[in-house]
Each structure stands twice: as C-alpha cells, then as structure tokens.
Amino acid sequence: MDYSAFKSLLLDITYVICVISLALYGLYHVGLISPRSVEGVHGGTFSLLLFDVIKLGYDSNRMCSLWWEPSAFQVVLSMTLFLYIPDMIFNLFNKKILKKILVLILAMILSRSTSGYLGLMIIVLIVVLHNDILKKSKFAFLLLFIIASSGVVYIFSSDVIQDKLEEDYGNQNADGSLNVRLFDNLAMIQMISERPLVGYGIDSEDYDMRSLELNNRTSSNGVLTLCASFGLPIMFFYIITLFKTLKIKRLHFNNIAACLLFLFFNCFNGMIIHSIVWAVFLDYKKENN
C-alpha cells in the first residue's frame, strides 16, 4: 500500500467511526438511548453505548468513541488531521475531503479535550496562513476567520476549559487534569535527570516505583515519557528519524514545522503508546506517478 492509499483509508475509517459515534451521541442527548454504566478498574464510571463498544467520557458525557477516554480519541483525530494538513492547504475545497474533515473537527469539539482543542487551533491556523485560495479571497478568509474565532470563543467559554482555569494548582493531591499533567512533567524531568543515558525502562518496575515516589500518575507527556524510559539519546534518534521520514516522503509542506508540530502533539499526551502515531514511520510502497 502506498502512502496516499493508506492516508485515504485512514480518513475513511476514522470518518465512519466518527459518524456512528456522533449519531449515538446525539441519540443519547435527546433521550432516545440510555448508556450502561460500568465501574472502571481504577475507579470512575464508563458509560457504554452500542453493545458496549461506543463510550461516553470517563465520569462525564464527553465523547470518546471506541477509546477509553476522550484524550485517547483525540490522538487519533489529531494524527489524522496532521497527516491531512497538505491536503487542507492545497486542496481544501475538495468536497469529498472537506466533508470528512469537518466531521472529524466536530468529533474533536465534542470530545472536549483541551489538548485536542489546542492542536486543532494550530492546524486551522496553519491552513489559514498557507492556503492560496484563502489568501486571495477576502470573503473566504473572512468567513473562515469568523467561524474559527467563534470556535475559539466557544471552546474557551466551555465548562471544560473554565474548570481547568479554576483548578487548585500546586496541590499534589488535586485531581484536576492540568494539575496532574504539571506534576507528571516535573516528575519525569526529575527521572530524566537521574538517568539521562539509559532511563528507567518502558513500563518497568523501576519506572513505576519511581513514578509513584515522584507523583507521576499518568506519564501524560509522550516526549518526556520516551526520555524517562529510554534516556535522552533515543530522543535524538527519534527526532532525526522523524525529520528524515517527513522529508523523504514529503508528507508536509514544511518538514521542520511538521516535525515540531508532531512533537508538540506528543507533549500533551502519552501519544507514543498509540499505534497511529507510528504511521508516519512506516515504509510505504512507492507511488506510481
């Protein structure tokens, strides 16, 4: 399979999953279907829909589709949109692609993931600044600007963002998302400083014990998790491989920007554990020109 075929298949599958999830999410909110509540292994409650496959958010009504939490769902959405940045820049008004992209964006909004929101805003900004049609057409640019601005206002005023702004920062026992991430990052930086060359091992007992001691609850930063697990040298190898992959396969309009954006996405979630993230590195069949 060549890269274009893979990317098209990825978008089609993600689109179908989102359509089904959105339909069930809508039916739930109008009261036509009821979820089945199941207690999670580590506490909290899952609300399960459609034969326990499609889920609502952990302890909330955020949409997470097939995944165990909204943040995991947004990883798939973010990576799919990331791979389609060139298409959105050079072929944004292709109806077939645009329809599917808009569905993914709606699903991202309903996931109510802060990191997903941030990544989405960056992608939209990149597209707006580089799309030739938007740059030449003042009406199209203004229309998209109004839509994007409205989206930013809606996102910022949502209870998800407002709750995060009201978190008890600095309290190690607080359960707020940003607070947990703060202490995750501080703990992993400490772990990296202790073993900068070899790390603590991936999912090893040493890693788990040291994480417990330093209050690293979720290893939510994928870049720091990689460094804390394998040491700093593997990070240099990872970045070089990523850059060369993007450059050789011409996956994006600007390889340096794409590399930085990819790493940026990884900083907000333990994304490296998700197989979709490694799609960038696959050795695709050469396309026939």
Side-chain angles (χ1 to χ4, degrees), residues 37-46 48 52-53 55 57-60 62 64-76 78-79 111 113-116 119 164 167-242 245 259 262-282:
S37 298
V38 176
E39 293 298 318
V41 175
H42 301 292
T45 304
F46 281 111
L48 307 180
D52 299 350
V53 176
K55 306 175 186 66
Y58 208 49
D59 286 330
S60 73
R62 298 162 61 189
C64 54
S65 190
L66 300 177
W67 289 265
W68 60 93
E69 63 166 347
S71 291
F73 181 35
Q74 72 84 18
V75 168
V76 177
S78 294
M79 282 306 304
S111 75
S113 167
T114 308
S115 53
K164 291 181 185 297
E167 287 180 14
D168 183 14
Y169 294 108
N171 181 358
Q172 291 194 16
N173 297 318
D175 292 325
S177 173
L178 292 183
N179 209 50
V180 170
R181 290 173 186 271
L182 171 64
F183 284 100
D184 282 353
N185 289 340
L186 292 174
M188 286 188 286
I189 290 172
Q190 176 65 29
M191 293 167 70
I192 293 168
S193 69
E194 292 170 355
R195 295 187 183 180
L197 296 179
V198 295
Y200 278 86
I202 184 72
D203 277 340
S204 67
E205 184 176 349
D206 283 351
Y207 184 95
D208 291 341
M209 292 301 296
R210 192 58 180 143
S211 293
L212 184 63
E213 292 168 1
L214 296 174
N215 199 31
N216 174 21
R217 301 194 210 176
T218 63
S219 296
S220 55
N221 187 318
V223 172
L224 293 182
T225 301
L226 189 67
C227 295
S229 299
F230 297 108
L232 290 173
I234 195 67
M235 195 65 227
F236 292 117
F237 173 77
Y238 184 79
I239 292 173
I240 291 171
T241 304
L242 173 62
T245 301
C259 183
F262 184 87
L263 292 174
F264 179 79
F265 282 155
N266 274 267
C267 287
F268 286 90
N269 287 280
M271 288 180 67
I272 292 173
I273 67 172
H274 298 277
S275 58
I276 184 63
V277 174
W278 297 98
V280 174
F281 300 97
L282 295 178

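These values consider heavy atoms only, across backbone and side chains, with no hydrogens, waters or symmetry-generated copies. Along the sequence shown, residues carry numbers from 1.
A distance of 11.5 Å separates CE of M191 from SG of C227, quoted to the nearest 0.5 Å. Rounding to the nearest 0.5 angstrom, the gap separating the CD1 atom in I240 from the CE atom in M235 is 10.5 Å. In this structure, OH in Y207 is found 4.0 Å from OG1 in T225, a value given to the nearest 0.5 Å. Residue L242 holds its CG atom at 8.5 Å from CG of N266, rounded to the nearest 0.5 Å. Annotation: the span from M209 atom CE to E213 atom CD amounts to 6.0 Å, rounded to 0.5 Å. Atom-to-atom distance recorded for C267:SG and F262:CZ is 11.0 Å, nearest 0.5 angstrom.
Side-chain contact between L224 and N185 is present, with at least one heavy-atom pair separated by less than 4.5 Å.
Under the rule for a side-chain contact (heavy atoms from CB on, under 4.5 Å), the partners of D184 that lie at least two apart in sequence or sit in another chain are V180, M188, N216, R217, T218, S220. Listed by chain and residue number, I202, L226, I234 satisfy the side-chain contact (heavy atoms from CB on, under 4.5 Å) test with F230 (two or more places apart in sequence, or in another chain).
Remark: F264 CZ is packed, more than 12 non-hydrogen atoms of other residues, nucleotides or ligands lying under 6.0 Å away.
Smallest separation of non-hydrogen atoms from P196 and P233: O-CD, 3.6 Å. Residues S111 and Q74 approach most closely at OG-CB, 4.3 Å, considering heavy atoms.
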request  = For side-chain contact (heavy atoms from CB on, under 4.5 Å), just list the numbers for R210 and R195, CA-CA rounded to whole Å, side-chain angles, deciding distance to a tenth of an Å, and then say yes or no.
outcome  = CA-CA 11 Å; R210 192 58 180 143; R195 295 187 183 180; over 6 Å; no
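Side chains of Y200 and S211: a donor-acceptor N/O pair is absent below 3.5 angstrom, by distance only.
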